[in-house]
Amino acid sequence: MNIDNFIIKSFDQFTGFNRSTGELEVVMDELNDFTFSQEEEKQDVTGRGGRIIGSIKKNKKVTGKGSNGYLTGGALAALIGCETEEGKHFVKYTDTILIKNNSGSLNKKAVGTAGNEIETIYVRDVNNSYISGGKRLTQAAVEPKTGEFTYNPETNEITLFAGDVPDNTEVIAFYYIEVDGKNFSNDANSYSKVLNAFIDVTCSDACDNLFHGQFIISRADFSGTFDIAGGSDAPKLSFEFTSLPDSCSGKTKLWDFIVFD
């Protein structure tokens, strides 16, 4: 292993651990890119005639930033400063319903206040528009009148007033359903986390021998400013952190880099 001439071929994995408990919180192993940046202020000391006779160096700063090909729950939680809530949650469901004989069937079970679980059904106009010209039906708790419908949560059936909507018409409804899932709550009073971070890399020397390296950051202070980018490319999660001295241990180092076979 010749470390006089070597390169970092790839950043392989980023892991983050809770500083108090040591519990694993973040794994990002599909790093698209990663950059370590170091800054240092240098103030010149001048003497007679304004010539530079020395310098004062201060304010060393280390930051790391990159993006991961996967959206990882642990990283998202670290960036917004939350704990993952697993259990029952409510989401808004979009349902297209075919009407026949003044009735139709929901694809999911609507939840909410009895007699107002769905609230509104939207009917397309002749231009297939739901919003700008479509008709709206409101939910009633009892026998529907014109412009109304009822919902039976036991059978998941909706019933419309006779003749309000022609057969084979598709209507659309938006309602809440209960799901099993994981919730990441971005609370205005919660901020990004500080973790113990490790970055594993693959290295190569001038003779093409491969070896490993690991950056160790005792206090990686994540930034709460980030992007979840998407569009023509697959979504990816950007992240950034600042390395802080470990004041609790009295150590001032910003990172260690260990190379090994």
Side-chain angles (χ1 to χ4, degrees), residues 23 25-27 68 70-193 224 226-231 234-237:
E23 184 177 351
E25 294 207 14
V26 178
V27 176
N68 195 56
Y70 286 124
L71 302 180
T72 65
L76 185 59
L79 294 174
I80 65 176
C82 79
E83 301 302 324
T84 307
E85 300 173 12
E86 186 167 3
K88 300 289 186 181
H89 302 285
F90 299 98
V91 298
K92 199 83 163 178
Y93 182 73
T94 302
D95 200 354
T96 302
I97 308 155
L98 182 65
I99 300 301
K100 286 188 176 181
N101 298 321
N102 304 307
S103 66
S105 296
L106 270 60
N107 290 302
K108 302 288 184 179
K109 180 180 175 62
V111 296
T113 305
N116 198 35
E117 296 94 339
I118 303 170
E119 188 176 336
T120 305
I121 284 178
Y122 299 84
V123 187
R124 286 192 179 107
D125 66 6
V126 293
N127 297 312
N128 285 329
S129 171
Y130 282 121
I131 298 174
S132 60
K135 182 179 181 181
R136 299 183 184 185
L137 309 177
T138 57
Q139 187 172 345
V142 293
E143 186 92 12
K145 302 189 294 289
T146 183
E148 295 180 343
F149 68 94
T150 55
Y151 170 59
N152 185 339
E154 300 300 323
T155 63
N156 240 20
E157 294 285 324
I158 58 170
T159 302
L160 284 60
F161 183 76
D164 263 0
V165 176
D167 280 356
N168 298 313
T169 298
E170 283 189 339
V171 301
I172 192 168
F174 304 89
Y175 52 85
Y176 282 100
I177 61 172
E178 187 177 55
V179 297
D180 291 310
K182 297 181 179 181
N183 180 34
F184 300 88
S185 185
N186 193 355
D187 191 285
N189 294 316
S190 296
Y191 298 93
S192 51
K193 297 180 181 180
F226 63 95
D227 297 312
I228 301 176
K236 59 183 180 180
L237 181 67

Can you measure from [atom1] ([X]) to [atom2] ([Y]) and round to the nearest 0.5 angstrom?
| X | Y | atom1 | atom2 | result |
| --- | --- | --- | --- | --- |
| Glu85 | Lys182 | CD | NZ | 12.5 Å |
| Tyr176 | Thr113 | OH | OG1 | 11.5 Å |
| Ile172 | Thr96 | CD1 | OG1 | 4.5 Å |
| Thr120 | Phe174 | OG1 | CZ | 10.5 Å |
| Leu137 | Tyr122 | CG | OH | 10.5 Å |
| Asn68 | Leu76 | CG | CG | 12.0 Å |

Pairs involving [range], ordered by first then second residue, that meet salt bridge (Lys or Arg N to Asp or Glu O under 4.0 Å) (sequence neighbours left out):
| range | answer |
| --- | --- |
| residues 138-157 | Lys145-Glu148 |
| residues 164-175 | Arg124-Glu170, Lys135-Asp164 |
| residues 86-111 | Lys88-Asp180 |

Say whether, by atom type as modelled, one donor and one acceptor occur between the side chain of [X] and the main chain of [Y] under 3.5 angstrom.
| X | Y | value |
| --- | --- | --- |
| Glu119 | Gln139 | no |
| Asn168 | Leu98 | no |
| Asn101 | Ser103 | no |
| Tyr151 | Leu106 | no |

Worksheet item: Does the distance from a Lys or Arg side-chain N to an Asp or Glu carboxylate O, for Glu83 and Lys193, drop under 4.0 Å?
Response: yes
For a quick test of reading the model, state the closest non-hydrogen atom pair linking [X] to [Y] and the distance between them.
| X | Y | value |
| --- | --- | --- |
| Ala75 | Leu237 | CB-CD2, 3.7 Å |
| Ser105 | Ile97 | O-CG2, 3.6 Å |
| Ala188 | Tyr191 | O-OH, 3.6 Å |
| Thr72 | Val27 | CG2-O, 3.5 Å |
| Ser185 | Cys82 | O-CB, 3.4 Å |
| Ile118 | Ala110 | CG1-CB, 4.0 Å |

Practice prompt. Would you indicate whether the side-chain heavy atoms of Phe184 and Thr84 approach each other to under 4.5 Å?
Written response: yes
Discussion item. Do Val91 and Ile177 make a side-chain contact, defined as non-hydrogen atoms from C-beta onward lying under 4.5 Å apart?
Written reply: yes
Item to complete: For the pair Thr169 and Val123, evaluate side chain to side chain contact (heavy atoms under 4.5 Å, CB included) and give the outcome as yes or no after the intermediate values.
Response: CA-CA 8 Å; Thr169 298; Val123 187; 4.2 Å; yes
Practice prompt. Evaluate whether atom OH of Tyr93 has more than 12 neighbouring non-hydrogen atoms of other residues, nucleotides or ligands under 6.0 angstrom away.
Written response: yes
